[in-house]
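Take a look at the structure set out below.
From a predicted model like this one, the values you see are computed outputs, not experimental measurements. Below, chain A is the first sequence line, B the second, and so on; all start at residue 1. Computed from heavy atoms alone, side chains included, the values below leave out hydrogens, waters and symmetry copies.
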Amino acid sequence: MREKLNDYYSVVFEPELLEEIIKVGTFKKIKENELLIDLGGTMNAIPLLLNGAIKIVREDKNGDEILLYFLERGDTCAISFASGFAKVKSRIRATTEKESEIIFIPLEKLDEWLIKYKSWRNFVIDSYNVRMNEMMETIDALAFMKMDQRLYKYLCDKALILRETSLNTTHQEIAYDLNTSRVVVSRLLKKLEVEGKIKLFRNRVDVLVF
DNA sequence: ACATTAAGTGATT
DNA sequence: AATCACTTAATGT
């Protein structure tokens with residue numbers, strides 16, 4: 001656990017904080033496609049993502065979902081801070097996109113570390129910033145981009161986060177993430193393939209050009 | 001061989 | 001861009 005933590009976080013946290021994280025945090029390895037937190041659930045810990053990828057999805061009461069953003073190594077779910085402080089219910093759903101290793105920090109440490117460690121404070125503020133920007137990008141995409149552009153952006157983002165140009169997914173799953181229908185996704189994917197940007201297979205899409 | 005699931009397509013709104 | 005209705009292709013039992 002120590003080495004894995006150091007891998008990424010040794011540059012962002014001071015040594016004493018790293019020690020504390022190791023002491024109070026719980027390390028977990030989570031398989032692909034596991035539900036981390038569902039709508040209405042409460043957070044009982046702050047996740048620090050060591051590696052892997054997590055998908056954050058918003059869902060309305062009809063069950064329509066829309067992808068907000070992906071988390072990767074070094075990220076944490078900023079929303080979890082808010083949920084953590086206010087102990088409010090989660091308004092998002094988080095699932096692992098691939099096998100991930102995560103350290104969970106107990107909620108009580110949140111306040112304490114904010115005062116105690118400058119690097120922790122920076123980390124929290126920074127995370128908020130990064131997430132906010134990601135969110136804005138998503139809003140822009142939603143508001144101004146056509147479906148075909150959104151689809152292509154989605155594929156590129158996903159390939160980047162997973163560090164894998166070969167995406168194992170179905171048209172239907174993509175449609176859920178973008179909140180559209182499978183038929184539309186199929187047609188647009190076909191178009192992208194003709195343009196030479198991607199290659200299609202059953203249960204798989206290869207991104208050729210970024 | 002049959003059922004199930006994923007993907008492709010024309011027509012309509 | 002969504003929906004319907006249907007076809008074709010791939011995969012599991």
Check residues 32-42 of chain A and write down every donor-acceptor pair under 3.5 Å in which the side-chain atom is one partner and the other belongs to a residue at least two apart or another chain.
{"unit_1": "Asp38(A)", "atom_1": "OD1", "unit_2": "Arg93(A)", "atom_2": "NE", "d": "2.9"}
{"unit_1": "Asp38(A)", "atom_1": "OD1", "unit_2": "Arg93(A)", "atom_2": "NH2", "d": "3.1"}

Cut-off 3.5 Å, no hydrogens considered: what does the side-chain donor-acceptor table look like for residues 64-72 of chain A, sequence neighbours left out?
{"unit_1": "Glu72(A)", "atom_1": "OE1", "unit_2": "Arg163(A)", "atom_2": "NH2", "d": "3.4"}

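Checked by atom type and distance alone, the side chain of Ser186(A) never pairs as donor or acceptor with a backbone atom of Val184(A) at under 3.5 Å. Between the side chain of Thr96(A) and the backbone N or O of Ile54(A) there is no donor-acceptor pair closer than 3.5 Å.
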Within the sub-3.5 Å range, which N or O atoms of nucleotides 4-13 of chain C have a protein N or O partner, and how far apart are they?
{"unit_1": "dA10(C)", "atom_1": "O4'", "unit_2": "Arg202(A)", "atom_2": "NH1", "d": "3.4"}

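Among residues at least two apart or in separate chains, side-chain hydrogen bond (donor to acceptor under 3.5 Å, both in side chains) pairs with a member in residues 194-210 of chain A are Ser166(A)-Arg204(A), Ser166(A)-Asp206(A), Glu195(A)-Lys197(A), Arg204(A)-Asp206(A).
For DNA chain B, the contact window with chain A, defined by any atom under 4.0 Å from a protein heavy atom, covers dT5(B) to dA11(B) in 5' to 3' order.
Atom OH of Tyr176(A) is separated from atom C1' of dA2(C) by 15 Å (rounded to the nearest Å). Between the NZ atom of Lys146(A) and the C1' atom of dA2(C) there is a distance of 16 Å, given to the nearest Å.
When heavy atoms are screened at a 4.0 angstrom cut-off, Thr170(A) is found touching the sugar-phosphate backbone but no base atom.
In Met145(A), the CE atom is crowded: over 12 heavy atoms of neighbouring residues, nucleotides or ligands sit closer than 6.0 Å.
Residues passing the salt bridge (charged side-chain N to carboxylate O under 4.0 Å, His left out) test with Glu14(A), sequence neighbours excluded: none.
Within the cation-pi definition used here (under 6.0 Å to the ring centroid, within 45° of the axis), Lys4(A) does not qualify as a partner of Phe27(A).
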